[in-house]
Amino acid sequence: MAQSAVSRFTEEQVSSISRRAGEPSWLMEYRFEALKSFSSLPLETSPLYKKYGGVSAFDPEQFSVADDEEAVDMRGHFEGFLTGRETNIVLQGNSTTVHIDLDERYAETGIEVLPIRDAISKHGSLIKDLLSRRLADPKTEKYAAFNAAFFTSGIFIRVPRGARAPSSLRRLLVTRNPSSSIVETTIIYAEESSKFEYLQEVYTAESQGPFLLSSSFDVFAESGSQVDGTSVQLLDDDGVYVSNEGASVAANARASLATVFLGGGVTRSRFNLGLNGRGASFEGYDVFFCDGRQRFDLDANLVHNSPDSQGALTARGVLKGESQSIFKGMAKIRRGAKNSHSYIAHHAMLLDKRARSDAIPGLDIDTNEVKATHSASVAQIDEDQVFYLEARGLPEDEAKKLIVTGFFEPVISRIPLEFAREGARFTVEGKWSGERRRLVDKETLLALTGEVPDQERHKSDDIFERHYKYRG
Amino acid sequence: MAKLEIRDLHATVEGAEILKGVNLTIAQGEIHALMGPNGSGKSTLANTLLGHPKYKVTHGEVLVDGKSLLDLSPDKRAKMGLFLAFQYPVSVPGVTMFSFLRAAYNAVHTDEKNQAPTIFEFKETLAERMGLLGIDESFMNRYLNEGFSGGEKKRAEILQLAMLKPKFAILDETDSGLDIDALRVVAEGVGKIANNDLGILVITHYQRILKYIRPTFVHVMYEGRITASGGQDLSLKLEEKGYGWLKEQAGAVA
């Protein structure tokens, strides 16, 4: 599809979204600006879409946008995704947040969890400020602009100063034959010295054709706070997943973001990470496993703006069939960010001759007295490893499965949230045998996986793990 | 007693013929040593017996208990009772020794009725075998062979041998890269496992491991064939005279 000269999307659509939600005028203006950028910015290009997947596999113009929430029958929509025993959970069906449940212990902490629209009425100026501080800039980034112009759902979480979440908050977004694109904006605002854990799971229950899920997710970790987020994406192959994840980390704050991408026909993910105060630290973990004709386009920007900051991003992917991935990772250390440590690694394993993966890591350093490393490798599965395991009685398929799950371990074992870690292992194993598994609750998960995995989180004081070059 | 019979085995690696007609029969309970200079085909024989995809059999037969195994995949050969202790055990990062051993134990000991051993049975056997070989429990949480010292790798191979209880074990230069103490530990481990149900083929360059694992038969391989067989005295002769005389002998035959 060639890019149309004039956008199909109009200001009327944008104002309709804004009016129905009763939004303040600043937000309508913000959306108009975003629409303008969206219409004028060129389509993002990637060798993945151009050469292999047809031009612009996820041009948002091929999808419609909604101007209002659609009714969701709660019970039917989440059939099979819930045990009914969940607490501290947010449920979103297509574009509608239908359920927010926090237990008493949670409520006592003063942590607020609101649909983004309610947050706009309640905390207008704060939201305005946070939107403007997002690292994926709608003025320069086409899909951030799309999201800003058309978002109708998402949640806002405010963790008050010093508050510590008693357990992690789960958010389940389930798509079921959505009538239009799902465009959601989620923000976590962790005030000074607070602590929060978040797990987001995205699934398809049913689809009757291609659909778009545009997601914008930002963490603002104020000084001394600690935020751990994990996002698991298990859409079906009709799903086009376009996401911008950002983390702005202030002095002595620590944030981590983990992604487990297993689903979606096309997944295009951008990480923008800013270390903005002395001693800020960030850890990123990316796990992806694709098969068939799946396309994963991953990009990470890690920017050190302050001294004594630490940033590490490790990605591991396995590709089967005719799937393709591309990973771009850039670490920037700005002037003044002395004594910072930066690390980016990407390792991919190919299981089929037709699978393909490219990695482009880069460093951009403007100051001395820093430590910055990156490494990347792409290799076919090691024939000698397969033989070794086969010679011990494991059939070829089982031998490869063990190698693949082992390959992910150095990343998965470092995901801070235990439930997310177990969930990642469980869903990755499912993917091996062609199942799209769901995380459900921890008890059920343990019952399904049989033994309780006694592997603790891999303890590592040094985030700059030694380089591990996959044999190839 | 089952036998491992190798009959006129020819094999190529990337088109080059390395094995040029190997004949050897090993019965359960017997210990055979296979010696010979570098490049004579000893490791090729070991890998060919287990079915490494790089090695192609062009002629000959390998039988276990009278059944041919050349058409079988490596895992099926393992299930028939063949075991190879690797010269260079590869590491498999991310897979703990424990989960690997469990998977291998299940695969090999699952019976005809598809009944896998229970986790309790596995753990009991594991504790007993580790005790026998003096292997520390901390081994189990480490990734398979990753960061293992030479000695640890070889001990891990012997532990696998002890867990899988094969009919025939090929020890491919299990003594290489070990210092005297490590060699003794590993060789004594093999001694503890050796019994009347296990046929062993020890591939080695050196006489020293044979002091611990006393072979009944010693064979010499030269240019892809077994050119001499005898008792322990043959290994002593090799130690003393080297392999030079083999060349003369081969020259005389040709």
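The shortest heavy-atom contact between Ala107(B) and Gly393(A) is CB-O, 3.1 Å. Heavy-atom minimum distance, Ala391(A) versus Leu50(B): CB-CD1, 4.0 Å.
Between Val95(B) and Leu402(A), some side-chain heavy-atom pair lies under the 4.5 Å cut-off. No side-chain heavy atom of Arg77(B) sits under 4.5 Å from any side-chain heavy atom of Glu390(A).
Among the candidates Leu389(A), Asp384(A), Val386(A), Asp382(A), the single residue satisfying the side-chain contact (heavy atoms from CB on, under 4.5 Å) test with Val90(B) is Asp384(A).
Checking side-chain atoms of Glu409(A) against main-chain N and O of Pro93(B) turns up no donor-acceptor pair under 3.5 Å. In terms of modelled atom types and a separation under 3.5 Å, the side chain of Arg392(A) and the main chain of Phe100(B) share no donor-acceptor contact.
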From CA spacing to verdict: side chain to side chain contact (heavy atoms under 4.5 Å, CB included), Phe407(A), Val92(B): CA-CA 8 Å; Phe407(A) 178 72; Val92(B) 186; over 6 Å; no
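Residue Leu164(B) touches chain A through its side chain alone, counting heavy-atom pairs closer than 4.5 Å. Neither the backbone nor the side chain of Leu101(B) comes within contact range of chain A; no heavy atoms are under 4.5 Å apart. When heavy atoms are compared at a cutoff of 4.5 Å, Asn47(B) approaches chain A by way of both its backbone and its side chain. For Pro166(B), no part lies under 4.5 angstrom from a heavy atom of chain A.
Surrounding NZ of Lys79(B) are more than 12 heavy atoms belonging to other residues, nucleotides or ligands, all under 6.0 Å away. Counting heavy-atom neighbours within 6.0 Å of Lys192(B) NZ, excluding the residue itself, gives a total above 12. Annotation: Asp71(B), atom CG; neighbour count of heavy atoms from other residues, nucleotides and ligands within 6.0 Å does not exceed 12. Within 6.0 Å of the CD atom in Glu383(A), the count of heavy atoms belonging to other residues, nucleotides or ligands exceeds 12. Within a 6.0 Å sphere centred on CD of Glu128(B), other residues, nucleotides and ligands contribute more than 12 heavy atoms. Atom CG of Asp111(B) has more than 12 neighbouring heavy atoms from other residues, nucleotides or ligands inside a 6.0 Å radius.
For chain A, the option among Pro74(B), Ser73(B), Pro53(B) with the highest count of heavy-atom pairs below 4.5 Å is Pro74(B).
The aromatic rings of Phe86(B) and Tyr388(A) lie tilted to each other, with the angle between the two planes from 30° to 60°.
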